[in-house]
Amino acid sequence: MPTENLFAPLPPEGEPPRMVTIEFNGAPLALLADAPLAAGLLVAGVRRFRASPVGGGARAPYCMSGVCFECLLEIDGVPSQQACQVQAREGMKVRAICGKPT
Amino acid sequence: MTDTAALTPRDVLPASSPLVGEDAPNFGKSAGEGAVQYETTLEHNQHPPLPQPLPREGGGVSCAAHDLIVIGAGPAGLAAAVTGSRHGLRVLLLDEQPAIGGQIYRNITGSDKRRARILGNDYTQGAELARLLAASTVEHWPDSAVWQVGADKSVQVLRNGISQTLRAEAIIVATGAIERPFPIPGWTLPGVMTAGAGQVLLKSAALIPHEPVVLAGCGPLLYLLAAQYLRAGVKPRAILDTSPRVDPRLALRHAGDMLLSWHDVAKGVGLLREIHASGVPFYRDVRELRLEGDKRLERVSFASERQTHVLDCGLALLHQGVVPNTQISWSLRAEHRWNDDQLCWQPVRDEWGQLSVPGIYVAGDGAAIGGARVAGLQGELAALGVAQALERRSPANTVSRADVLRARLRRHLAIRPFLDRQYRPRDEYRIPADEVIVCRCEEVTAGAIRALVALGCVGPNQAKSFSRCGMGPCQGLQCGLTVTELIAQAAGLTPQEVGYYRIRPPLKPLTLGQLAGKTIHEHEVMRLNAQDSETFFTALDQPARFNKKLTTALKEHEQRVISE
Ligand SMILES: Cc1cc2nc3c(=O)[nH]c(=O)nc-3n(C[C@H](O)[C@H](O)[C@H](O)COP(=O)(O)OP(=O)(O)OC[C@H]3O[C@@H](n4cnc5c(N)ncnc54)[C@H](O)[C@@H]3O)c2cc1C
Ligand code: FES
């Protein structure tokens with residue numbers, strides 16, 4: 001039965017993984033610390049990172065290595081940041097680039 | 001030019017302003033607005049002058065504080081940096097990742113025992129490189145994304161939200177490979193990712209699939225990931241192998257080369273044995289692969305051995321080999337050749353790895369795919385070349401070491417022709433049917449490109465101007481190879497004749513605010529009224545796009561700041 005999150009952490013052997021709290025689209029969200037922001041969001045069940053600027057279809061990280069730019073988010077007010085290339089930080093303010101530009 | 005005319009809010013506003021260059025990258029902005037600039041297409045196939053970096057005296061280090069700048073901290077860059085410092089060079093190592101390691105040794109310094117066991121021996125070998133770096137005099141800047149390299153050996157790097165200019169006597173580009181595009185129906189759906197992405201998530205965050213996962217494609221990395229998932233306790237729903245059946249005679253013909261590269265062969269055989277022993281369904285000779293679903297991936301369909309299959313799954317990881325990431329060498333207008341065996345571009349280099357642009361070298365998978373060991377040897381060779389060119393090493397000494405390195409390179413590369421044949425990605429997955437999206441950013445289909453070719457458009461740059469293909473934020477990094485091959489096939493030309501996109505900086509998303517640093521805020525804003533200054537600050541956060549007017553405006557602004 002598919003659930004929302006595409007990925008999950010390996011079951012912890014010792015301490016549970018460290019978390020940070022960010023603000024995602026205005027609401028608080030607990031994310032894995034010490035990991036790329038895009039990775040944490042995938043674990044948190046975020047499926048749609050942005051809408052394609054042409055057809056408006058949902059897009060989510062594809063390459064995780066800085067190639068495809070499908071993970072673009074607004075981070076701390078700066079638009080079009082590659083969420084796979086940025087580590088999650090406490091208090092980060094993150095927004096999905098929403099909708100089709102008019 | 002008057003003071004305020006130098007850089008007004010109107011000038012820095014994106015897209016709709018006349019500032020926007022006709023093929024400026026579209027960093028996450030609308031396709032609609034910018035789509036008007038189609039007129040200036042014809043000069044696209046002529047080579048414009050080399051990109052000139054902006055002189056940014058105020059922004060950062062501008063005098064050459066280093067002899068050598070190495071871009072990329074994978075095996076090639078690490079070997080180059082350590083070798084350079086051993087020969088007395090002052091070396092700066094830049095990488096956009098938070099830690100060293102590159103693709104193969106990603107997060108090597110932050111990994112734990114369990115991850116090391118899952119990832120295998122090859123991965124843990126990276127620890128030695130990390131140790132060598134720590135013991136050296138190399139200065140390493142993590143989180144530093146290079147967005148331009150100039151032929152004058154300047155490097156523009158974005159670090160801590162501010163862009164700076166660096167200069168050195170020589171530059172070694174070791175930016176590695178990217179996964180080959182895999183344009184098939186449905187590849188833009190959420191839930192479809194690459195095997196490389198799966199590996200990054202495992203290495204950098206210890207993540208495993210939470211959905212039933214299907215691995216599809218071909219090449220050693222796909223099998224490696226499958227084996228790593230099995231070791232992590234994840235049993236993939238299926239593995240769909242797209243490689244064509246190998247003629248056993250081919251293997252025989254390459255038996256000698258295989259002996260030379262026995263290590264790599266044994267590794268490949270070991271991985272496959274691990275996969276087969278696990279009992280994961282393994283489909284061979286997979287054709288007509290499609291990814292299906294409404295808003296996200298729900299199933300894959302394919303044909304294998306004369307039967308069609310449909311499998312439910314929420315996650316599919318695709319892979320069909322890696323190709324050099326040539327954005328920097330293309331942006332330098334360096335000479336490139338199409339390699340018909342590896343089906344990709346390779347920058348032309350001399351025996352040390354130097355490009356047709358003097359003083360700039362490329363080492364590792366960014367030049368030609370050879371894997372981690374080859375990358376390390378090439379990194380060392382390039383650094384020797386630099387040390388020799390800068391007269392830091394006696395030539396006799398250099399020559400004997402270089403000969404040793406070149407002999408090792410030959411041995412490690414012996415297996416390549418066999419691998420290239422065995423894992424040659426099928427035409428149907430490289431040059432797709434009309435309805436398949438080729439350019440993910442601008443949603444341009446293969447059919448649209450073919451239609452342009454029918455109208456007489458036979459160059460990627462013309463195709464870009466007419467269709468916006470390759471004009472999105474990735475600047476064609478994702479679709480470039482596909483577009484070259486598509487046009488070549490449709491026009492009956494060779495990929496070499498068709499050529500590649502003209503790549504322009506910035507190579508990474510960059511806002512005007514990051515580019516200008518603080519200086520513009522302080523000096524320029526004082527000249528604006530309240531309403532304008534708000535527009536201005538908003539504009540500073542917009543993605544930067546270059547064209548002549550903006551470049552001139554920034555230069556003039558800096559002149560003024562310096563003279564004031
Ligand atoms: C996604 C992926 C996963 C791979 N996994 C494996 C594996 O597990 N095992 C294996 O044997 N091979 C793997 N490979 C093959 C890999 O290419 C080689 O094994 C080896 O890592 C190549 O070494 P390199 O030094 O040439 O480049 P890389 O190791 O790729 O290093 C390049 C470095 O350059 C940095 N960089 C790139 N562009 C910029 C820029 N503009 N500014 C700053 N820094 C930049 C990158 O962050 C990276 O750290 C993988 C390849 C890919 C694409
Ligand atoms: S997921 Fe591809 S660039 Fe971030």
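Residue numbers start from 1 in every chain, and the chains themselves are labelled A, B, ... in the order their sequence lines are given, proteins ahead of strands. Since we're looking at a predicted model, the values are computed, not measured. Atom set for the values below is all heavy atoms of this structure, side chains included, hydrogens, waters and symmetry mates excluded.
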Which bit of B:Leu201 comes within less than 4.5 Å of chain A, counting heavy atoms only: side chain, backbone, both or neither?
side chain
Looking at A:Ser65, A:Pro9, A:Gly57, A:Pro17, which has the largest count of heavy-atom pairs under 4.5 Å with chain B?
A:Pro9
For B:Leu318, is it the side chain, the backbone, both or neither that has a heavy atom under 4.5 Å from a heavy atom of chain A?
side chain
Could you go through A:Val67 and B:Glu179, starting from their C-alpha distance and side-chain angles, then the distance that decides it, and tell me whether this counts as side chain to side chain contact (heavy atoms under 4.5 Å, CB included)?
CA-CA 9 Å; A:Val67 174; B:Glu179 291 179 275; over 6 Å; no
Checking B:Pro98 against chain A: side chain, backbone, both or neither under 4.5 Å from a heavy atom?
side chain
Which heavy atom of A:Leu6 sits nearest a heavy atom of B:Gly314, and at what distance?
CD2-O, 3.5 Å
Under 4.5 Å heavy-atom distance to chain A, tell me which part of B:Val192 shows up: side chain, backbone, both or neither.
both
At a heavy-atom separation under 4.5 Å, does A:Gln82 approach chain B through its side chain, its backbone, both, or neither?
side chain
Distance in Å, A:Phe69 CZ paired with B:Gln478 CD, rounded so as to fall on 0.5 Å steps
10.0 Å
Measuring heavy-atom distances to chain A, does B:Glu298 have an atom under 4.5 Å in its side chain, in its backbone, in both, or in neither?
neither
Name the member of B:Asp112, B:Asn107, B:Leu207 that forms the most heavy-atom pairs with chain A at distances under 4.5 Å.
B:Leu207
Determine yes or no for a side-chain-to-main-chain donor-acceptor pair under 3.5 angstrom, with A:Arg59 supplying the side chain and B:Arg440 the backbone.
yes
Bottom line for B:Gln199: the part with an atom under 4.5 Å from chain A's heavy atoms is neither
Which of residues 83-93 of chain A have a heavy atom under 4.5 Å from any heavy atom of chain B?
A:Gln85, A:Gln87
Is there a side chain to side chain contact (heavy atoms under 4.5 Å, CB included) between A:Met64 and B:Ser204? Walk through the geometry before answering.
CA-CA 10 Å; A:Met64 285 305 294; B:Ser204 65; 5.7 Å; no
Result for side-chain contact (heavy atoms from CB on, under 4.5 Å) between A:Tyr62 and one of B:Leu189, B:Thr194, B:Thr188 points to B:Thr194
So, for A:Gly66 and B:Leu477, which heavy atoms are closest and what is the spacing to 0.1 Å?
O-CD2, 4.3 Å
If I compare all heavy atoms of A:Cys68 with all of B:Cys441, which pair ends up nearest, and what's the gap?
O-SG, 4.3 Å
With side chains defined as the heavy atoms from C-beta onward, is the minimum distance between A:Pro61 and B:Met193 less than 4.5 Å?
yes
Within residues 28-42 of chain A, which residues come under 4.5 Å of chain B, heavy atom to heavy atom?
A:Leu32, A:Asp34, A:Ala35, A:Pro36, A:Ala39, A:Leu42
